[in-house]
Amino acid sequence: MRPVTMGWAGAGAMFLALAGMAAAADFYGDISGVKLARPEDKVDAPTVPPPPGSVVLFDGSNLDAWMRADGKGPAAWPVLPGGVMQVQGQSIRTRDAFDGHFRLHVEFRVPYMPDKAGQGRGNSGVYLQGRYEVQILDSYGLDSQDNDCGGIYKVARPLANACKAPTVWQSYDIDFQAPRFADGKKVAPARISVTQNGTPIHRDVAIPLDNTVAGMGGDPSTPGPIMLQDHGNPVQYRNIWLQMLD
């Protein structure tokens, strides 16, 4: 059987096809098709170093603080050049659990997926105690609802759409107060405040649920981890830390 050979024309066509496939998969490339409301919407939110005494959950070097959300092994998301981790495979959670009153700082960016819509467009989420989700999504320019970026999922819509354009780094500072229990009964609900890219989007919202959609559940009177959701989109994260406030 003779080996198959390919001329320069065929090789060039294959190269262009592969290049086209690579370009199609480059979700953090050209966003010239995005109509910007403000020039600063394409400027990365500044990275914020952890205050002294904070728990550093991701500093760009490794995923030692994380494991699979199902508890069946270490987190396997890739850590990319520049100290960025990318959603891939399944949701992950911190090995440690947290309770009380704390601030969680998360820096993230969503891919540009113009051929997708709604919940299929740059979807992930940050779960406090694994139970209460602050949504991540490409919601740039929308009239944000409670399932859009910045929403406390199906509980509260953000006060304003503070999103930057897709591919641009954004930040959440989430102040969380765990629910309080006495004699086995809940006497105060969980409460959440969120600042996105320097803009307050939730102010001390009482959470009437013990578990938002897709949360890990469990006993709400016990500490829980931070969970980052895999919803099938290559959302990226960097610089995650937690500061106890009480």
Next item on the list: For side chain to side chain donor-acceptor pair (under 3.5 Å), just list the numbers for Y153 and N147, CA-CA rounded to whole Å, side-chain angles, deciding distance to a tenth of an Å, and then say yes or no.
Entry: CA-CA 5 Å; Y153 198 80; N147 62 344; 4.8 Å; no
Note to self: Quick check on the hydrophobic clustering: are I201 and V110 connected, directly or via other members, by side-chain heavy-atom contacts under 4.5 Å?
What the structure shows: yes
Check: Is R95 atom CZ crowded by more than 12 heavy atoms from other residues, nucleotides or ligands, each under 6.0 Å away?
Finding: yes
Check: To the nearest 0.5 Å, what is the distance between CG (L242) and CZ (R103)?
Finding: 10.5 Å
Next item on the list: For W169 and Q236, run side-chain contact (heavy atoms from CB on, under 4.5 Å): C-alpha distance rounded to whole Å, both residues' side-chain angles, the deciding distance at 0.1 Å, then the answer.
Entry: CA-CA 9 Å; W169 283 104; Q236 295 181 350; 4.0 Å; yes
Notebook entry, point to check: Is there a side chain to side chain donor-acceptor pair (under 3.5 Å) between T199 and N197 once you walk through the steps?
Noted result: CA-CA 6 Å; T199 298; N197 302 324; over 6 Å; no
Note to self: How about CG on D183, more than 12 heavy atoms from neighbouring residues, nucleotides or ligands closer than 6.0 Å, or not?
What the structure shows: no
Check: Between CD1 of I174 and CD of Q196, what distance do you get to the nearest 0.5 Å?
Finding: 9.5 Å
Next item on the list: Give a yes or no answer on whether the side chain of W77 reaches the backbone of Q88 with a donor-acceptor pair at less than 3.5 Å.
Entry: yes
Next item on the list: Could you list the residues that satisfy side-chain contact (heavy atoms from CB on, under 4.5 Å) with A206, not counting sequence neighbours?
Entry: P189, R191
Margin query: If you apply the rule side-chain contact (heavy atoms from CB on, under 4.5 Å), what do you find for E107 with V48, and how did you get there?
Written below: CA-CA 9 Å; E107 296 174 14; V48 178; 4.3 Å; yes
Item checked: Row check, W66 ring normal vs R93 NZ/CZ: under 6.0 Å, within 45° -> no
Next item on the list: Output yes when a side-chain donor or acceptor of T94 lies under 3.5 Å from a complementary backbone atom of I226, and no otherwise.
Entry: yes
Next item on the list: For a side-chain contact (heavy atoms from CB on, under 4.5 Å) with V126, tell me which candidate from I240, L104, V194 qualifies.
Entry: L104
Margin query: Y112: which residues meet the ring-ring contact (aromatic ring centres under 6.0 Å, His included) condition with it, sequence neighbours left out?
Written below: none
Item checked: Heavy-atom pair of closest approach, residues F98 and D96 -> CE1-O, 3.5 Å
Next item on the list: Could you tell me whether the side chain of N62 and the main chain of D64 form a donor-acceptor pair under 3.5 Å?
Entry: yes
Show me the donor-acceptor pairs within less than 3.5 Å that the side chains of residues 155-162 make with the rest of the protein, sequence neighbours left out.
unit_1: R157; atom_1: NE; unit_2: S144; atom_2: O; d: 3.1
unit_1: R157; atom_1: NH2; unit_2: D143; atom_2: OD1; d: 2.7
unit_1: R157; atom_1: NH2; unit_2: S144; atom_2: O; d: 3.1
unit_1: N161; atom_1: OD1; unit_2: C163; atom_2: N; d: 3.0
unit_1: N161; atom_1: ND2; unit_2: S139; atom_2: O; d: 2.9
unit_1: N161; atom_1: ND2; unit_2: L142; atom_2: O; d: 2.9
unit_1: N161; atom_1: ND2; unit_2: S144; atom_2: OG; d: 3.1

Checklist line | Distance, nearest 0.5 Å, that separates NZ of K116 from CG of N123 | finding: 12.5 Å
Checklist line | Stepwise side-chain contact (heavy atoms from CB on, under 4.5 Å) check, V134 with L128 | finding: CA-CA 8 Å; V134 178; L128 295 308; 4.1 Å; yes
Checklist line | Single-linkage hydrophobic cluster I192~V106, side-chain heavy atoms < 4.5 angstrom | finding: yes
Note to self: Could you walk me through whether Q135 and Q119 satisfy the side chain to side chain donor-acceptor pair (under 3.5 Å) test, starting with their C-alpha distance in whole Å, then the side-chain angles of each, then the deciding distance to 0.1 Å, before giving a yes or no?
What the structure shows: CA-CA 10 Å; Q135 171 78 308; Q119 297 293 301; 3.0 Å; yes
Check: Between F176 and Y132, does the ring centroid distance fall short of 6.0 Å?
Finding: yes
Next item on the list: Could you grab the distance from atom CG of L228 to atom CZ of F58, nearest 0.5 Å is fine?
Entry: 10.0 Å
Item checked: Full working for side chain to side chain donor-acceptor pair (under 3.5 Å) between S91 and Y127 -> CA-CA 11 Å; S91 301; Y127 289 75; over 6 Å; no
Check: At what distance, to the nearest 0.5 angstrom, does CG of D44 lie from OG1 of T167?
Finding: 8.0 Å
Margin query: For A45 versus Q170, what's the shortest heavy-atom pair and its separation?
Written below: CB-CA, 4.0 Å
Check: Under 30°, 30 to 60°, or over 60°: which ring-plane class applies to F108 and Y172, parallel, tilted or perpendicular?
Finding: tilted
Margin query: Please give me the minimum heavy-atom distance between M113 and G122, naming the atom from each residue.
Written below: SD-N, 3.6 Å
Notebook entry, point to check: What's the spacing between I207 CD1 and H202 NE2 if we round to 0.5 Å?
Noted result: 8.0 Å
